[in-house]
Colleague: 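Here it is, the structure, as structure tokens.
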Protein chains: 2
Amino acid sequence: MATIKQVAKHANVSVATVSRVMNKSGYVSEEAKEAVEKAIAELNYAPNRVARSLYKKSSNLIGLIMPDITNPFFPQLARAIEDVANQHGYQVVLCNTDEQLEKEQTYLVALQTMHVDGLIITTNHSHNPNYETLDLPMVALDRIVKAGIDAVVSDGYEGGKLAADTLLQHGATRLAHIAGPDHLKTVKRRTEGFVEVAGEKLVGMTESTFTFKDALKASQELFDHAWPFDGIFAANDVIAAAVLQEAVRRDIRVPEELQVIGYDGIELGEMTSPPLTTIVQPIYEMGRLATERLLDLIEKKDTRPREMLLPVTLLERHTTKRKER
Amino acid sequence: MATIKQVAKHANVSVATVSRVMNKSGYVSEEAKEAVEKAIAELNYAPNRVARSLYKKSSNLIGLIMPDITNPFFPQLARAIEDVANQHGYQVVLCNTDEQLEKEQTYLVALQTMHVDGLIITTNHSHNPNYETLDLPMVALDRIVKAGIDAVVSDGYEGGKLAADTLLQHGATRLAHIAGPDHLKTVKRRTEGFVEVAGEKLVGMTESTFTFKDALKASQELFDHAWPFDGIFAANDVIAAAVLQEAVRRDIRVPEELQVIGYDGIELGEMTSPPLTTIVQPIYEMGRLATERLLDLIEKKDTRPREMLLPVTLLERHTTKRKER
DNA sequence: TTGTAAGCGTTATCAT
DNA sequence: ATGATAACGCTTACAA
């Protein structure tokens, strides 16, 4: 790769002049400009971002810290983030923490020493002392790290209520629920909302992680102990898929005998049989918003509100009945 | 963040000495070493990777170029890559190209100017002139870029044959197939293998992209035009899921009336009803191998073979019958 | 064993 | 309008 020095020599000007035309800063004669541009083209020059980083203390890199890209909720988020970052000339460094504090810690210093300009974090360790001392622009996504750190999340509480409402309105009278991991506050909200409106109608409830295996086990337990119920809300779509699978194994007809509603709106829900009714979070939108917010923070345009609570919607596919009346 | 200069002052030595203890290079007295280590601890010093990059012309960054992380085949790959990269002190920057030559091009220069040490590419543009001129270590993954570039792929041809064999052995007599996009050579191999052993028994065949919507459309067409058949092989698991969904919509019992086999072995296959029998590629393994190979290339330990063809296995879940006899 | 200083490729200040 | 040059934080000859 050519350097600015070579370009300068080639164009018979100084490096300062080359820098000026690259950055459109300061005065430069038409003549010089043309010579430089010609040299740049001929040498196929592109400025060395590492050198620029060193001087400017800014790398146009953002760090993306998530539990596990393999969890089907995250790829869409990552995609959104990468899209808008890229549109603004930033690249993203991907980090999978498996929710382990130690990995998180290691990444944090790696990211810091490479001078990323900001961080997007999807993590639960609100108590992680690291984030407090860190003075990097950052925004939490789908999780709330702590007051004082920007966050974008969707309205799980409303989502839970919406799920219960829907089930009830579609004629269900005995409701069940599989909650998500207890330590995820944003997920817990879904359960709270659901329980709130389900009230007396709630006849069974258990908990599961977001892996399919665990979800299957939880489903089986629930069917064993709490059956019969005619409406069930799962804390995410993966769990809902497990419920569905277990239901067909038991020859329970969905939605005639049992209606099921998932949560998230990931593509998986489209692929089950029957296709899954679900509460959709605007996942891509969340990623987009978080990244735009981060970029604003980085560029010191610290304007918009600090926490964004996005609305959630019902997507009726075929695991709920067509609305009565 | 503290700099090496501050550490030096704090420890009453020169920056050279600090550098020596950081890198365990050259001589340094026990005394000095201790003083430096103490200073490092006290100032919480971590060397600036940008500065180091500039001097060493190596960033400990690797670029990961893939079509779309949102496609369920890729997250596992990305995870594997990130895992082994991380174990070796490298970070990965994620790039989604949507298979667009132009985006690919843009990323390539961005990555190059930030001095990534190597590239892992999952792309089809074998004719992309960019890769030829680029002199960066790189390995192609799941795709073959061109002779001369390292690649790790799995044995699609054997996979296709295995699928046909299995269907036949399990009593199917009228075979159908939905192929993947024509421009993906590694995917085409699956079709070739399948067709090879299906022979006369092949009664219907069509083609689809890897999006679920398209796959559903293709399935419907196939059912409309080629029915009846009692065994079908889909070029990947997403297409297989579409076939499954369409089959239940038509009240075709799987596997009694129709056996289906997918390809890839992604988690989705576990979540369908019934769970999908599939040809599994060792996805994580492929990512791991590719990355290890890349790291070897980067570190000039250019030893192992240049192309790796990984074996594929049959995972019998419930869309095929239990073996007869 | 240790320190001085050049150099990595930029940007920006300050003369001219 | 342009060119020298210091500075960014590090590594590594080379000298001492």
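Just so it is clear: chains get the letters A, B, ... in the order the sequence lines come, proteins before strands, and each one is counted from 1. Note that the structure is predicted; figures quoted are calculated from it, not measured. Computed over heavy atoms, backbone and side chain alike; hydrogens, waters and symmetry mates excluded.
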Colleague: Taking only side-chain nitrogens and oxygens of B:Thr3, does any of them come within less than 4.0 Å of OP1 or OP2 of D:dG9?
Modeller: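 No, no such contact exists.
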
Colleague: Flag the pair A:Lys56 and A:Asp117 as a salt bridge only when some basic side-chain nitrogen lies within less than 4.0 angstrom of an acidic carboxylate oxygen.
Modeller: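 Between A:Asp117 and A:Lys56 there is no salt bridge, as every charged N stays at least 4.0 Å from the carboxylate O atoms.
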
Colleague: 5'-most contact on DNA chain D: A:Val15 or A:Gly26, nearest heavy atom basis?
Modeller: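 Nearest-nucleotide comparison on DNA chain D picks A:Gly26.
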
Colleague: So that I can tick it off, tell me whether B:Lys38 and B:Glu34 are bridged by a salt bridge, with the cut-off set at under 4.0 angstrom between side-chain N and carboxylate O.
Modeller: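 Between B:Lys38 and B:Glu34 there is no salt bridge, as every charged N stays at least 4.0 Å from the carboxylate O atoms.
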
Colleague: Can you work out whether B:Arg20 or B:Lys56 has the more 5'-proximal nearest nucleotide on DNA chain C?
Modeller: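 Per heavy-atom nearest nucleotide, the more 5' residue is B:Arg20.
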
Colleague: Across the strands shown, which category fits A:Val13 at heavy-atom distances under 4.0 angstrom: base, sugar-phosphate, nothing?
Modeller: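 Counting heavy atoms under 4.0 Å across all strands, the contact made by A:Val13 is with sugar-phosphate only.
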
Colleague: Does A:Ser29 make a side-chain N or O approach to OP1 or OP2 of D:dT2 shorter than 4.0 Å?
Modeller: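 Affirmative; the distance criterion is met.
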
Colleague: Quick one: does A:Thr113's side chain have a donor or acceptor within less than 3.5 Å of a partner on A:Val109's backbone?
Modeller: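 Side chain of A:Thr113 to backbone of A:Val109: a pair is present.
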
Colleague: So, is A:Ser19 close to the C:dT11 phosphate, meaning a side-chain N or O under 4.0 Å from OP1 or OP2?
Modeller: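 It does, given that an N or O in the side chain of A:Ser19 lies less than 4.0 Å from OP1 or OP2 of C:dT11.
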
Colleague: For the side chain of B:Asn60 and the backbone of B:Gly89, is there at least one donor-acceptor N/O pair under 3.5 Å apart?
Modeller: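 Here the side-chain-to-backbone pair exists.
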
Colleague: So does B:Asn48 get a side-chain nitrogen or oxygen closer than 4.0 Å to the phosphate oxygens (OP1/OP2) of D:dC8?
Modeller: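 No, no such contact exists.
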
Colleague: Under 3.5 Å, is there any donor-acceptor pair linking the side chain of A:Arg49 to the base of C:dG9?
Modeller: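 Between C:dG9 and A:Arg49, which were checked side chain against base, a qualifying N/O pair under 3.5 Å is absent.
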
Colleague: Below 4.0 angstrom from OP1 or OP2 of D:dT11, is there any side-chain N or O of B:Lys57?
Modeller: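 Answer is no, no contact under 4.0 Å.
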
Colleague: Between B:Ser14 and B:Tyr55, just flag the one whose closest nucleotide in DNA chain C comes earlier from the 5' side.
Modeller: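 Here B:Ser14 is the residue nearer the 5' end.
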
